[in-house]
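This one's a predicted model, so the numbers in the text were calculated from it and none came from an experiment. So you know, we letter chains A, B, ... as the sequences are listed, proteins then strands, and number each from 1. All values below were derived from every heavy atom in this structure, side-chain atoms included, with hydrogens, water molecules and symmetry-related copies excluded.
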2 protein chains.
Amino acid sequence: MAQPKKAASIWDVARLAGVSHQTVSRVVNGSPRVAAATRDKVLEAIAELGYRPNRLARSLAGGAVESVTVLTADTSLYGPEAALRGIEKAARSLDWSVQISVLDPADTHSDADIIARLPRAGEPTIIMAHDEPGMRAKQVLLDTQPQAMVAIGPYTAEELAASPWLVGMDDGKAAAEATRYLLELGHDTVHHLAIPTSTGTFGGGKAHRADGWARVLREAGREVPDPVPSGWTIAEAFKAVQPLVSDPAVTAILCGNDHLALATLRAAHLAGRKVPGDLSIVGFDNTPFSAYTTPALTTVNQDFESVGRGAFELLRHRVDASIPRPKPSWPEPELIIRETSGPPFARS
Amino acid sequence: MAQPKKAASIWDVARLAGVSHQTVSRVVNGSPRVAAATRDKVLEAIAELGYRPNRLARSLAGGAVESVTVLTADTSLYGPEAALRGIEKAARSLDWSVQISVLDPADTHSDADIIARLPRAGEPTIIMAHDEPGMRAKQVLLDTQPQAMVAIGPYTAEELAASPWLVGMDDGKAAAEATRYLLELGHDTVHHLAIPTSTGTFGGGKAHRADGWARVLREAGREVPDPVPSGWTIAEAFKAVQPLVSDPAVTAILCGNDHLALATLRAAHLAGRKVPGDLSIVGFDNTPFSAYTTPALTTVNQDFESVGRGAFELLRHRVDASIPRPKPSWPEPELIIRETSGPPFARS
DNA sequence: ATAACCAAAGTGATCGTTAACATCACTCGG
DNA sequence: CCGAGTGATGTTAACGATCACTTTGGTTAT
């Protein structure tokens with residue numbers, strides 16, 4: 001086994017180049033106040049020793065902060081995963097590093113647990129606040145270090161514009177659009193298979209999927225059926241949607257995300273109901289697979305990646321006031337009409 | 001805006017508790033050499049100031065290493081994503097922190113780029129080496145700091161047992177099992193829609209999906225058709241698989257993963273070929289959605305999460321020799337027969 | 001009574017880096 | 001020809017923790 005010879009430090013480089021360690025630091029950080037000849041000597045020494053700066057020491061010493069921690073509950077959901085990708089890309093282009101810490105929905109983290117996940121007090125943090133653990137974490141961080149946190153979640157344009165630490169998209173509006181579309185197709189009403197966050201005491205906003213759906217139905221003077229609560233997994237959705245699918249009076253279902261829609265599609269198929277002839281199904285998120293189901297899912301596209309990017313930009317501003325606040329923006333949801341939706345009772 | 005009052009350090013706690021900073025350190029790290037009364041005083045001070053130890057400073061000072069960096073190329077693939085989850089869970093249970101750094105398949109990272117992603121020299125690293133960028137990164141790390149890296153990828157049991165830094169699963173064996181199954185069903189031969197890593201100069205191992213497939217065909221004395229290369233995305237797969245799907249002589253396709261299988265299923269449907277009547281399709285990975293497609297995908301289950309856990313355990317051993325090396329193990333692939341496979345030319 | 005020992009706590013160096021300030025050698029204007 | 005400015009470097013002090021010693025008292029064995 002090779003001797004793990006210790007990594008070269010800035011001092012080793014300085015010694016080899018015959019300069020002070022500070023000069024090396026200047027070269028590494030691209031300070032203009034270094035003579036070209038000196039710079040070359042240092043660069044040479046760096047190459048020879050294979051020196052690489054130690055980020056830990058750097059941020060300890062009070063150099064500009066250059067890491068973000070992302071708190072998220074479920075990386076297997078498309079939304080958070082895509083947002084994370086957006087954050088990562090944005091961060092990497094500025095050479096920041098990204099930590100992720102997964103909040104387990106199963107165990108109840110104490111506030112201290114959540115705090116303990118941060119590598120240091122004041123660590124810049126982005127929270128995916130689209131479910132219960134995420135909301136908890138958001139609250140804890142808000143109480144602890146509001147100046148170094150940003151939360152991603154479903155919010156209306158007004159909420160986003162008003163809050164200095166929110167980024168998100170208006171799920172309620174997107175759901176409204178989808179619901180309106182189904183109504184225009186001629187359905188008497190639209191049923192809703194809801195993701196966990198859209199139900200119970202959790203909601204109450206105007207930006208949740210279930211809320212947008214209910215609003216449109218009310219505005220149109222239609223019956224608002226009870227939303228059917230589902231878990232996050234496809235298996236749970238499959239089970240939850242059974243009563244809806246086996247009821248011939250149900251002609252349209254808006255699903256909380258594409259996974260739930262897939263489960264619904266499957267359930268409908270097994271129940272012998274034609275889609276979209278007997279039953280229209282609309283999903284949410286435009287998950288990559290959604291264009292390739294049979295029939296292909298009608299769904300609402302959400303640009304999560306750009307939300308992630310936005311969150312990172314906002315965080316930079318929050319952490320360093322000299323960086324201008326990015327204009328609050330949110331991607332417009334876009335209804336993508338494919339094959340699972342149509343007029344009710346169509347003989348397709 | 002609240003004054004970002006600086007976070008409390010170990011010295012602040014020491015002052016408040018009327019002890020030395022070292023004593024605080026002892027309390028925080030649970031040293032037995034502290035009088036109960038003193039400990040209480042310190043604990044009280046910690047609570048009052050909301051002190052939390054700074055991880056950066058801690059590992060700078062030479063405390064035990066407590067972070068892993070994961071290098072991966074594509075977090076949207078089910079495999080890497082699940083493995084990452086396994087790593088994260090294992091790491092968190094030991095209070096390690098996890099960094100991720102995404103290797104962009106698009107741009108060609110220089111070796112220095114890859115190295116620069118690590119927060120410090122010698123940073124423990126896990127590499128998802130299942131595609132080209134991952135393989136590159138693996139090589140770079142292997143040259144740079146072999147004692148602090150572990151790679152996850154497709155390897156045979158022998159390879160895994162022989163190498164001190166490999167973790168993985170035998171994709172070749174899994175593919176062989178699936179191919180054998182299709183042959184037993186009565187298909188003359190099996191075609192293969194291959195993920196990028198299974199083709200070209202990349203392969204050559206015995207543990208790749210395409211290799212296991214080809215081996216079984218050869219052993220059975222069957223014709224070995226050219227594998228059809230596909231990209232990672234469903235859209236690419238859909239395009240690539242067209243010729244296969246429109247050729248009535250093709251009765252069975254083994255797909256490199258479930259996304260490709262979904263594309264194949266869709267393409268077959270559009271081409272008017274009945275599945276599994278005219279065409280059998282087998283996927284790979286048992287991605288969550290695969291049980292809910294119509295018809296439900298026959299696929300090969302792979303326990304990525306446990307591979308992730310294994311990688312983390314192995315890494316701990318590599319970084320700290322006093323931790324025993326975990327027994328090399330790899331999850332057994334399991335063929336899950338659902339609805340997309342059957343005998344050829346069945347009148348279903 | 002005294003050396004030896006031990007637990008409890010303190011002191012100072014150290015990790016790798018940056019910030020702030022100090023120094024030095026020139027150049028330039030008056 | 002001198003003081004001011006300036007550009008290139010060096011010096012010292014953090015940052016927040018741990019590690020390896022040292023000091024301080026009080027017990028115990030001789």
Side-chain angles (χ1 to χ4, degrees), chain A residues 4-42 45-46 49-67 95 97 116 118-123 320, chain B residues 4-43 45-46 49-67 95 97 116 118-123:
Chain A
K5 44 177 181 267
K6 287 210 1 174
S9 83
I10 204 169
W11 283 96
D12 302 321
V13 175
R15 197 173 316 119
L16 182 60
V19 298
S20 78
H21 70 279
Q22 180 60 282
T23 301
V24 177
S25 173
R26 289 196 183 95
V27 170
V28 169
N29 293 294
S31 155
R33 305 260 126 128
V34 183
T38 313
R39 184 193 316 279
D40 290 347
K41 260 193 316 194
V42 171
I46 287 179
L49 294 175
Y51 163 77
R52 14 178 186 152
N54 181 323
R55 260 197 193 133
L56 305 187
R58 188 174 275 181
S59 49
L60 221 209
V65 183
E66 49 180 14
S67 83
D95 228 44
S97 71
L118 305 184
R120 61 176 166 188
E123 166 80 1
D320 176 352
Chain B
K5 44 178 181 265
K6 286 209 10 172
S9 82
I10 202 169
W11 284 94
D12 302 320
V13 175
R15 198 174 315 119
L16 182 61
V19 300
S20 79
H21 65 117
Q22 180 60 283
T23 301
V24 176
S25 173
R26 288 196 183 96
V27 170
V28 169
N29 293 294
S31 155
R33 307 263 125 127
V34 184
T38 314
R39 185 193 314 278
D40 288 348
K41 260 194 315 194
V42 171
L43 254 20
I46 287 179
L49 294 174
Y51 164 77
R52 15 180 185 149
N54 181 322
R55 255 196 197 135
L56 305 186
R58 190 176 270 182
S59 50
L60 222 208
V65 183
E66 51 180 13
S67 83
D95 228 44
S97 71
L118 306 184
R120 62 175 166 190
E123 165 80 2

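- In this structure, A/D12 atom CG and C/dT17 atom P are separated by 9 Å, rounded to whole Å.
- Each of B/V13, B/I10, B/D12 was evaluated against B/I46; a single residue qualifies, B/V13, per the side chain to side chain contact (heavy atoms under 4.5 Å, CB included) test.
- Between the CZ atom of B/R15 and the P atom of D/dG16 there is a distance of 11 Å, rounded to whole Å.
- Nearest to the side-chain atoms of A/I10 among the listed nucleotides C/dA20, D/dA17, C/dT18 stands C/dT18.
- Atom CD1 of A/I46 is separated from atom P of C/dG16 by 15 Å (rounded to the nearest Å).
- Mapped onto DNA chain D by nearest heavy atom, A/T38 and A/W11 fall at different nucleotides, with A/T38 at the one closer to the 5' end.
- In this structure, CZ of A/R120 is placed 13 Å from C1' of C/dT17, rounded to the nearest angstrom.
- Among the heavy atoms of the strands lying under 4.0 Å from A/R26 is at least one base atom, whether or not backbone atoms are also near.
- Residue-level contact check: A/S20 touches the bases, meaning some heavy atom is under 4.0 Å from a base atom.
- Between B/V34 and B/A61, it is B/V34 whose nearest contact on DNA chain C lies nearer the 5' terminus.
- If you check C/dA9, D/dT9, D/dC15 against the side chain of A/L60, the one that comes closest is D/dC15.
- When heavy atoms are screened at a 4.0 angstrom cut-off, A/R33 is found touching base atoms of the nucleic acid.
- Taking the side chain of A/S25 as heavy atoms from C-beta on, and the options D/dA17, C/dG12, C/dT18, the nearest nucleotide is C/dT18.
- Whole-Å rounding puts the A/N29 CG to C/dA20 P distance at 14 Å.
- In this structure, B/N54 places its CG atom 13 Å from C1' of C/dC15, rounding to the nearest Å.
- As judged by a 4.0 angstrom heavy-atom cut-off over every strand, B/R39 is placed among residues making no nucleic acid contact.
- The phosphate of C/dA9 (OP1 or OP2) has no side-chain N or O of B/T23 nearer than 4.0 angstrom.
- Side-chain contact between A/V27 and A/K41: absent, with no pair of heavy atoms (C-beta onward) separated by less than 4.5 Å.
- Contacts of A/S59 with the nucleic acid, taken as non-hydrogen atoms under 4.0 Å apart, are absent.
- The side chain of B/Q22 has D/dA20 as its nearest neighbour among C/dT17, D/dT18, D/dA20.
- Distance CZ (A/R58) to P (D/dG16): 18 Å, rounded to an integer number of Å.
- The residue among B/V19 and B/A57 whose nearest nucleotide of DNA chain C lies closer to the 5′ end is B/V19.
- Side-chain contact between A/R26 and A/V19 is absent, with no heavy-atom pair separated by less than 4.5 Å.
- Between the side chains of A/E123 and A/S67, at least one donor N or O lies within less than 3.5 Å of an accepting N or O.
- Residue contacts for A/R55: at a heavy-atom cut-off of 4.0 Å it reaches no nucleic acid atom on any strand shown.
- Atom OG of B/S97 sits about 9.0 Å away from atom CG of B/L56, to the nearest 0.5 Å.
- The residue B/V28 sits apart from the nucleic acid: no heavy atom pair falls under 4.0 Å.
- Between the CZ atom of A/R52 and the P atom of C/dT17 there is a distance of 11 Å, rounded to whole Å.
- Annotation: the span from B/R39 atom CZ to B/T23 atom OG1 amounts to 11.0 Å, rounded to 0.5 Å.
- When distances are taken from the side chain of A/H21 to each of C/dG10, D/dT9, D/dT11, the shortest belongs to D/dT11.
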